[in-house]
Amino acid sequence: MKDDVYISLFRVLDSEQQIITRTDQKAFTMLSLMGVFMVFFLVHFTKIQINWFNFVMLILYLIAAIFALVQLILVIHPRIRKAKDREDLPEINATYFGGIVSFNSAAEYGKYLRKIMENDTRAYTMFANQVYSVAQINHYKHGHMQAAIKYFAVAIISELLIVMSVAYSRSLPFLFGN
């Protein structure tokens, strides 16, 4: 029974960690795409004939691109607040790198981990807290990823509308004469 509980916790933890990895990969991919579109836009920026439509789309593009970049940075480097102190957690959380590296050696870490694992309630609480914390990180990243996708879409649509407007204004004289 006890092993089944730990196996379940480890499965949930593994799943949450995979979600974090996939979210980070999506954020890096979107940053790369934004970079490509921004370079494309900057190369053709001087060809834009400023009119009210293009001006509004340009402002919309710049604002959306900045917000998308900020949201993507928050996905990649989340601002995580420390959880409120809880009395039922061990003094050192041996499941996080911050707790692990606080030990002077692997042997010292192993002794501490064995001591925690002797008490089923403390061990379960420690791992449950880790699963909960990773899920909180996922929730934070997911929210910013969704916002980044929306801002990215607005930026790309406004950029494409500007490109279409420039193409239309340049081809209009050739299509319909002066």
Side-chain angles (χ1 to χ4, degrees), residues 1-39 60-160:
M1 175 69 178
K2 178 174 97 172
D3 290 339
D4 291 341
V5 170
Y6 286 116
I7 289 171
S8 297
L9 270 177
F10 284 131
R11 282 186 183 153
V12 172
L13 182 60
D14 183 53
S15 173
E16 291 295 322
Q17 288 172 334
Q18 287 178 11
I19 291 170
I20 284 177
T21 302
R22 286 194 308 265
T23 303
D24 286 344
Q25 288 171 342
K26 288 176 190 176
F28 281 117
T29 301
M30 280 187 63
L31 270 175
S32 297
L33 285 172
M34 290 235 14
V36 168
F37 275 98
M38 286 180 162
V39 167
L60 183 64
Y61 168 76
L62 293 173
I63 291 170
I66 288 170
F67 281 140
L69 287 172
V70 168
Q71 294 298 318
L72 288 170
I73 289 168
L74 289 173
V75 170
I76 293 167
H77 186 69
R79 296 181 64 214
I80 305 302
R81 293 175 188 86
K82 188 172 181 168
K84 295 177 182 170
D85 292 334
R86 291 180 44 190
E87 294 176 17
D88 55 346
L89 289 177
E91 56 275 3
I92 299 173
N93 191 344
T95 58
Y96 281 109
F97 73 93
I100 295 169
V101 298
S102 68
F103 295 95
N104 294 326
S105 68
E108 186 181 331
Y109 173 67
K111 286 178 190 175
Y112 180 79
L113 202 53
R114 273 192 296 283
K115 183 178 113 183
I116 292 296
M117 296 306 262
E118 287 174 359
N119 182 335
D120 288 341
T121 303
R122 287 178 73 187
Y124 182 79
T125 301
M126 183 177 64
F127 282 106
N129 182 60
Q130 182 180 5
V131 169
Y132 180 79
S133 297
V134 171
Q136 290 296 103
I137 293 169
N138 274 337
H139 178 73
Y140 177 90
K141 285 179 169 252
H142 179 74
H144 287 288
M145 190 67 191
Q146 293 302 312
I149 289 169
K150 290 173 187 170
Y151 288 125
F152 178 77
V154 170
I156 297 306
I157 289 169
S158 60
E159 182 178 351
L160 292 174

Salt bridge (Lys or Arg N to Asp or Glu O under 4.0 Å) contacts touching residues 123-138 (sequence neighbours left out): none
Residue set satisfying ring-ring contact (aromatic ring centres under 6.0 Å, His included) with Phe152, at least two apart, ordered chain then number -> none
Can you confirm whether Phe37 is buried at CZ, in the sense that more than 12 heavy atoms of other residues, nucleotides or ligands lie under 6.0 Å from that atom? no
Can you name the side-chain hydrogen bond (donor to acceptor under 3.5 Å, both in side chains) partners of Gln71, sequence neighbours left out? His144
Please examine the side chains of Tyr61 and Met38, heavy atoms only from C-beta on, and report whether any two atoms are closer than 4.5 Å. yes
Just wondering, do Gln17 and Leu13 contact through their side chains at under 4.5 Å, heavy atoms? yes
Criterion side chain to side chain contact (heavy atoms under 4.5 Å, CB included) on Leu69 and Tyr151, from CA distance to verdict: CA-CA 9 Å; Leu69 287 172; Tyr151 288 125; over 6 Å; no
Tell me, which pairs form a salt bridge (Lys or Arg N to Asp or Glu O under 4.0 Å) where one or both residues lie in residues 126-136, sequence neighbours left out? none
Pairs touching residues 137-156 that satisfy salt bridge (Lys or Arg N to Asp or Glu O under 4.0 Å), sequence neighbours left out: Asp24-Lys141
Is it the case that atom CZ in Phe67 sees more than 12 heavy atoms from other parts of the structure closer than 6.0 Å? no
With rounding to the nearest 0.5 Å, note down the distance linking CE in Met30 to CE in Met34. 7.5 Å
Would you compute the distance between atom CD of Glu118 and atom CG of Leu113 and round it to the nearest 0.5 angstrom? 10.5 Å
If you compare all heavy atoms of Ile76 against all heavy atoms of Ala27, which two are closest, and at what distance to 0.1 Å? CG1-CB, 3.7 Å
Show your working on side chain to side chain contact (heavy atoms under 4.5 Å, CB included) between Ile20 and Glu16 and close with a plain yes or no. CA-CA 6 Å; Ile20 284 177; Glu16 291 295 322; 5.9 Å; no
Minimum heavy-atom distance Ala155-Ala64, with the two atoms named: N-CB, 3.7 Å
If you take all heavy atoms of Thr121 and Thr125, which pair is closest and at what distance? O-OG1, 2.7 Å
Would you find a donor on one side and an acceptor on the other, under 3.5 Å apart, between the side chain of Thr23 and the backbone of Ile19? yes
Are the side chains of Arg22 and Met145 in contact, using a 4.5 Å heavy-atom criterion? no
NZ (Lys26) and CD1 (Ile149) are apart, to the nearest 0.5 Å, by 7.0 Å
side-chain hydrogen bond (donor to acceptor under 3.5 Å, both in side chains) partners of Asp14, counting only residues at least two apart: Gln18
Given side chains that start at C-beta, do those of Leu33 and Ile156 come closer than 4.5 Å, heavy atoms only? no
